[in-house]
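Below is one structure; the comments refer to it alone.
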There are 2 protein chains.
Amino acid sequence: MSGIADVALRAGVSKSTASRALSGAGHTSERTRTRVLAAASELGYVPSTNAVSLATGRTRNIGVVMPRVNRWFFAEVLEGIQATLLARGYDLTLYDAKPGSPERARVFTEFFARKRFDGLIAVGIEPVDDEIGQLQAVGRPIVSVVGAQDQPGVVGIDDVRASRRATEHLLGLGHRKIAFLGAGDAEVWANVDRLRLEGYRAAMSDAGLSASILHVPSPVTLPGGYAAAVDLLSDDRRPTAILAVCDEVAIGAIIAARRLGIAVPASLSVVGIDDHEFAEMFALTTLRQEPQEQGALAARVLLETLQHPDNPTLIEPMPARLIVRNSTASVDPSQL
Amino acid sequence: MSGIADVALRAGVSKSTASRALSGAGHTSERTRTRVLAAASELGYVPSTNAVSLATGRTRNIGVVMPRVNRWFFAEVLEGIQATLLARGYDLTLYDAKPGSPERARVFTEFFARKRFDGLIAVGIEPVDDEIGQLQAVGRPIVSVVGAQDQPGVVGIDDVRASRRATEHLLGLGHRKIAFLGAGDAEVWANVDRLRLEGYRAAMSDAGLSASILHVPSPVTLPGGYAAAVDLLSDDRRPTAILAVCDEVAIGAIIAARRLGIAVPASLSVVGIDDHEFAEMFALTTLRQEPQEQGALAARVLLETLQHPDNPTLIEPMPARLIVRNSTASVDPSQL
DNA sequence: TTGTAAGCGTTATCAA
DNA sequence: TTGATAACGCTTACAA
């Protein structure tokens, strides 16, 4: 456990010189610098992060809050953030904040107040009431991933546009009876769900099909989509196509269709949003978003902000490309 | 940003008295204590974790390393750890360490050397070569989740026993041609996979079926299990039952069977290990393990060790119960 | 029970 | 370019 004092001693300089040589800040002669560096590596010197933080006020640590980690999207975003921070030598402190839970309240008050991080990445956090103020009160830069597109510092795709595009794909195939599957009432993702529903509605309206708009609520999970689809598809007057709020729901719907003996895509087209890791296996047509990239971008933007606090970075919405696989086809004329 | 000095001033005491009153260590008169507490809350005082850590040597932070976070098991374990730490006021610093990656090397050397945590939880880390030494060198207590059962401080189920039990379930239903699906060669989970394969082999041998042992390699993912099962089941001499290394692979196999028109469980029994969140939806018979509990236990044990370093806690293997659903049935006599 | 003062391991200021 | 010395914000002997 040798400290900078030991290094200084061994290099025959003062602590301050050693510090300068090691951190690169301030002037040091080439000769002493190499001597200090040598001494440090010989001793296996590792600076105490606590002492550094105390003296400088920076932690080299980033906080990440998300409502949960056991969902494909969140896990992917987390990996993207992690990789980027790691490359820059930053640590990552994770905070779990399930909506409405008492733990969440503690995170927002107690844990955030400790300010153990230089900046915060909020993923899929839709702050309610006082949470907004609590986030502000942290007094550290914040970047969000998925959230209201109108706020600054938000990384994500344009959800309205994505689901509109997906709907148009189905319309282009001749479908008229298109159901939107997903987005129950009090969901985690309420915001995103709402935006995607909106895109679907807009596309339907534009096609003169306002009357055919059909919003089927479903839990936003694979089993949830399965169950909801079983109900929906058991009806005689079932739709010819389904737009799911995300791939997990879409895949649930495909599995439901198979079980009911409904051929996909011959008798039913299904399109999702995400390009989930299972999408290929189910030949799912979907709008691809890349959560790892979103996480990486969020991290980059945040680190950039830390370096140049008054250099506000404008974040462009990320692209969402239509990936056509084999879950969508032209509508069967007999079904019209 | 008021510090303890401000609190002390406001309460009309010295810094040390304020510190004692706030931390509860040492004696303080009831009266001054309440005064200090009042002053602290009026000022919204939050101790600087850096200063505390520097002075005490403890961080109130736990490190968690795992090879990845976007797999059901890991994500669940992480949630279990998180919840437990949160309840005790501990922070969680996450380290991603994909096997063999250069990032992993950095984590094990650079990041661990910073010792930003009081203890470490290693989930599914199968340390190689120098990594073992590097973990030791951290000089902090370590608890593992899943790993060699013979090492101390390891939380997990008895994998050999679990897969033996699963195999016996199939044997009890009259199956003789039972394939083990999973565990390719150079897999992340090599250790666990090997143990489960071993349990299967043991059960088969005990039943006098050594000759029928059939190990079919498959990537340990749902799509991987799907692909491997499609191959396996396309063969005329296909097995009447499959034991999958985990539920994700098992579910892949069920989906494959359905696509091939093979009825589960009538013509094919499938059993998994995990009780994954999708298991119920696929009526999968499985051996349930509870990763959240494992994470929580690991966290509890670690915190306990921090409090009583010389009180070695013995960790019992966690139970794995057979959950019989509808993916297994007595073998069809015509298939024998 | 309380206060003084010395750490904890760095960085930052200011002379030299 | 370098070196004393004072922060950083807290805990903890040691004295009172």
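The analysis underlying the following values was restricted to heavy atoms, covering all of them including side chains, and did not include hydrogens, waters or symmetry mates. Residue numbers start from 1 in every chain, and the chains themselves are labelled A, B, ... in the order their sequence lines are given, proteins ahead of strands. Every value quoted in this text rests on a predicted model; they were computed, and no experiment measured them.
Within the structure, side-chain hydrogen bond (donor to acceptor under 3.5 Å, both in side chains) contacts touching residues 106-122 of chain A (residues at least two apart or in different chains) are A:Thr59-A:Asp118, A:Arg106-A:Glu110, A:Arg116-B:Asp91.
For the segment residues 28-39 of chain A, the set of residues with a heavy atom within less than 4.0 Å of an atom of DNA chain D comprises A:Thr28, A:Ser29, A:Thr32, in numerical order.
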Evaluate the criterion salt bridge (Lys or Arg N to Asp or Glu O under 4.0 Å) for residue pair A:Glu293 and A:Arg300; output intermediate values, then yes/no.
CA-CA 10 Å; A:Glu293 294 303 317; A:Arg300 283 200 305 273; 5.3 Å; no
Take B:Glu76 and B:Arg71 through the test salt bridge (Lys or Arg N to Asp or Glu O under 4.0 Å) and record every step on the way to the result.
CA-CA 9 Å; B:Glu76 291 289 314; B:Arg71 277 276 164 271; over 6 Å; no
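The aromatic ring centroids of A:Phe108 and A:Tyr95 lie 6.0 Å or more from each other.
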Donor-acceptor contacts, no H, no angles, side chain residues 21-28 of chain A, under 3.5 Å, sequence neighbours left out:
{"unit_1": "A:Ser23", "atom_1": "OG", "unit_2": "A:Ser19", "atom_2": "O", "d": "3.1"}
{"unit_1": "A:Ser23", "atom_1": "OG", "unit_2": "A:Ala25", "atom_2": "N", "d": "3.3"}

Close N/O contacts between protein and nucleotides 11-13 of chain D (under 3.5 Å):
{"unit_1": "D:dT11", "atom_1": "OP2", "unit_2": "B:Ser19", "atom_2": "OG", "d": "2.6"}

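Rounding to whole angstrom units, CG of residue A:Leu54 and P of D:dG9 are separated by 7 Å.
Both B:His27 and A:Val46 lie near DNA chain C, and the one whose nearest nucleotide falls closer to the 5' end is B:His27. In terms of position on DNA chain C, the residue among B:Ser14 and A:Asn50 whose nearest nucleotide sits closer to the 5' end is B:Ser14.
Between A:Lys98 and A:Glu103, every side-chain heavy-atom pair lies at or beyond the 4.5 Å cut-off. Considering only heavy atoms from C-beta on, B:Gln294 comes within 4.5 Å of B:Phe73 through its side chain. No side-chain heavy atom of B:Ile62 sits less than 4.5 Å from a side-chain heavy atom of B:Leu92. Residues B:Leu86 and A:Asp96 are not in side-chain contact: their nearest non-hydrogen atoms beyond the backbone lie 4.5 Å or more apart. A 4.5 Å side-chain heavy-atom check between B:Pro99 and B:Arg104 finds at least one atom pair inside the cut-off.
Using five terminal pairs a side, the axes of the helix from C:dT1-D:dA16 to C:dA16-D:dT1 at its two ends make an angle of 40°, given in steps of 10 degrees.
Tested against A:Val145 for a side chain to side chain contact (heavy atoms under 4.5 Å, CB included), the candidates A:Ile121, A:Leu78, A:Val154 yield a single pass: A:Ile121.
Smallest separation of non-hydrogen atoms from B:Val65 and B:Ile125: O-CG1, 3.7 Å. Between A:Pro317 and A:Asp158, the shortest heavy-atom contact is CB-N, 4.3 Å.
Between chain B and DNA chain C, the heavy-atom contact criterion of under 4.0 Å yields a 5' to 3' nucleotide range of C:dT1 to C:dG9.
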